[in-house]
> 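This is the structure I have questions about; it appears just below.
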Amino acid sequence: MFQPKVRGEQWELGASSHAIWTGVRLVDVLFAAGIQMNAIEVTFEGMDKGTRTDMPGVFTFTRSLPVKEALNPDILIALYMNGKPLPFRHGYPARLIVPGWYGMASVKWLHRIKAINQPFIGPFQAIDYVYKNKSSSSTHATPVTTIRLNSTIAQPSDQAVLARGEHKLVGTAISGEYPVVLVEISADNGMTWQRASWLDPQESYSWRRWCLKWDLTKPGTYDICVRATDAAGNVQPELADWNLNGYGYNAIQKIRVYVD
Ligand SMILES: Nc1nc2c(c(=O)[nH]1)N[C@H]1C(S)=C(S)[C@@H](COP(=O)(O)O)O[C@H]1N2
Ligand SMILES: [Mo]
């Protein structure tokens with residue numbers, strides 16, 4: 001949804017989902033294996049490999065975490081998704097789950113974990129999944145890490161035609177940084193805001209669903225926006241930080257609905 005458009009898959013509102021993961025704590029495996037004091041990063045290698053258009057060679061999907069992050073007791077080597085063995089496409093038989101981070105950190109089809117004493121440089125670490133603008137070289141780019149404060153309207157959908165009467169707006173909010181404490185809706189394109197109520201309790205790393213009853217008495221066109229605020233007082237931006245590969249989009253979502 002960046003303007004100007006970025007290359008690649010145009011995800012728009014897609015590429016977001018939610019599941020319950022069960023497995024083994026990474027930190028327990030690292031200590032059981034005897035991780036050494038001089039380790040600075042831990043690498044995670046997937047079983048999939050392939051060629052790239054930007055450099056010769058065959059590469060596995062390998063990512064690293066700084067040791068400090070890797071020891072987070074909430075990181076899992078997940079074996080189950082929603083109570084069942086991982087489906088193949090989601091990483092069977094084992095995948096890393098780095099909660100609160102964007103998906104690229106959660107290496108699927110995990111088959112090797114290594115503690116290393118120098119920074120890991122691989123294309124999926126240093127070329128992809130970094131925030132870059134046109135002028136920054138890849139050495140100065142910032143890695144994509146935690147999920148930015150974000151919220152979305154699931155219902156009604158954009159361009160919906162609604163009957164007059166009472167409607168329920170529902171959606172989700174998430175942040176990988178601080179808990180989301182407030183979701184507000186505007187039906188006048190951002191002039192005034194109303195507080196939504198929560199459908200879910202606050203839970204670490206989870207998205208949290210919100211809802212708002214809305215009485216539509218007058219026919220017309222309505223621009224509806226949703227914005228979330230976190231516990232540190234951050235509010236979603238009007239415009240997301242544009243970057244070459246289109247990562248971390250979290251601008252306030254706007255939809256338009258028509259009332260008959
Ligand atoms: N082995 C491996 N793990 C991977 C990837 C991959 O290509 N290979 N893609 C990553 C990216 S970019 C994302 S967004 C998530 C997608 O996980 P999902 O398929 O369970 O939604 O897996 C991550 N783990
Ligand atoms: Mo991704």
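Whatever order the structure lists ligands and atoms in, that order sets their numbers, starting from 1. Just so you know, residue 1 is the first one in the sequence shown, and it goes up from there.
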> Just need the protein heavy atom nearest to atom 3 (N) of ligand 1, so name the residue and atom and give the distance.
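Here the closest protein heavy atom is K108 N, 2.8 Å.
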> Consider only side-chain heavy atoms of I, L, V, M, F, W and Y, link residues closer than 4.5 Å, and tell whether I147 and I75 are in one cluster.
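Looking at the clustering, I75 is in the same group as I147.
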> As an exercise, state the distance from CG of L76 to CD1 of I97, rounded to the nearest 0.5 Å.
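L76 atom CG to I97 atom CD1 measures 7.5 Å (nearest 0.5 Å).
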> Among R95, E45, H90, M47, which one has a heavy atom closest to atom 17 (O) of ligand 1?
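That would be R95.
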> Going by the order shown, which atoms of ligand 1 are within less than 4.0 Å of some heavy atom of W109?
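It comes down to these atoms of ligand 1: 1 (N), 2 (C), 8 (N).
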> Give me the residue, atom name and distance of the protein heavy atom closest to atom 4 (C) of ligand 1.
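Checking every protein heavy atom, the shortest distance to atom 4 (C) of ligand 1 gives F61 CE2, 3.5 Å.
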> State, without any angle test, whether Y205 and D74 hold a side-chain donor-acceptor pair at a distance under 3.5 Å.
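A donor-acceptor contact under 3.5 Å links the two side chains.
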> Considering non-hydrogen atoms only, spot the tightest contact between H111 and G46 and give its length.
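Nearest pair, atom of H111 first, then G46: CD2-O, 3.7 Å.
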> Looking only at protein heavy atoms, which one is nearest to atom 24 (N) of ligand 1, and what is the separation?
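So the nearest neighbour among protein heavy atoms is S106 O, 3.0 Å.
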> Using a 3.5 Å distance criterion without hydrogens, assess whether the side chain of D200 forms a donor-acceptor pair with backbone atoms of R209.
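Yes, D200 side chain to R209 backbone: donor-acceptor pair under 3.5 Å.
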> Give the residue and atom name of whichever protein heavy atom lies nearest to atom 23 (C) of ligand 1, and the separation in Å to one decimal.
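For atom 23 (C) of ligand 1, the nearest protein heavy atom comes out as G103 O, 3.3 Å.
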> Who's the nearest protein heavy-atom neighbour of atom 12 (S) of ligand 1, and how far?
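The answer is Y129 OH, 3.1 Å.
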> For atom 8 (N) of ligand 1, which protein heavy atom lies nearest, and how many Å away is it?
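Ranked first by proximity to atom 8 (N) of ligand 1 is D48 OD2, 2.7 Å.
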> Go through ligand 1 atom by atom and flag the ones less than 4.0 Å from a non-hydrogen atom of M104.
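Ligand 1 atoms under the 4.0 Å threshold to M104: 10 (C), 11 (C), 12 (S), 13 (C).
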> Are I77 and M47 in one and the same hydrophobic cluster, where Ile, Leu, Val, Met, Phe, Trp and Tyr link if side-chain heavy atoms are under 4.5 Å apart?
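No, it is not one cluster - the side chains of I77 and M47 are not joined through contacts under 4.5 Å.
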> In terms of the angle between their ring planes, are F124 and F61 parallel, tilted or perpendicular, with boundaries placed at 30° and 60°?
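Judged by the thresholds at 30° and 60°, the geometry between F124 and F61 is tilted.
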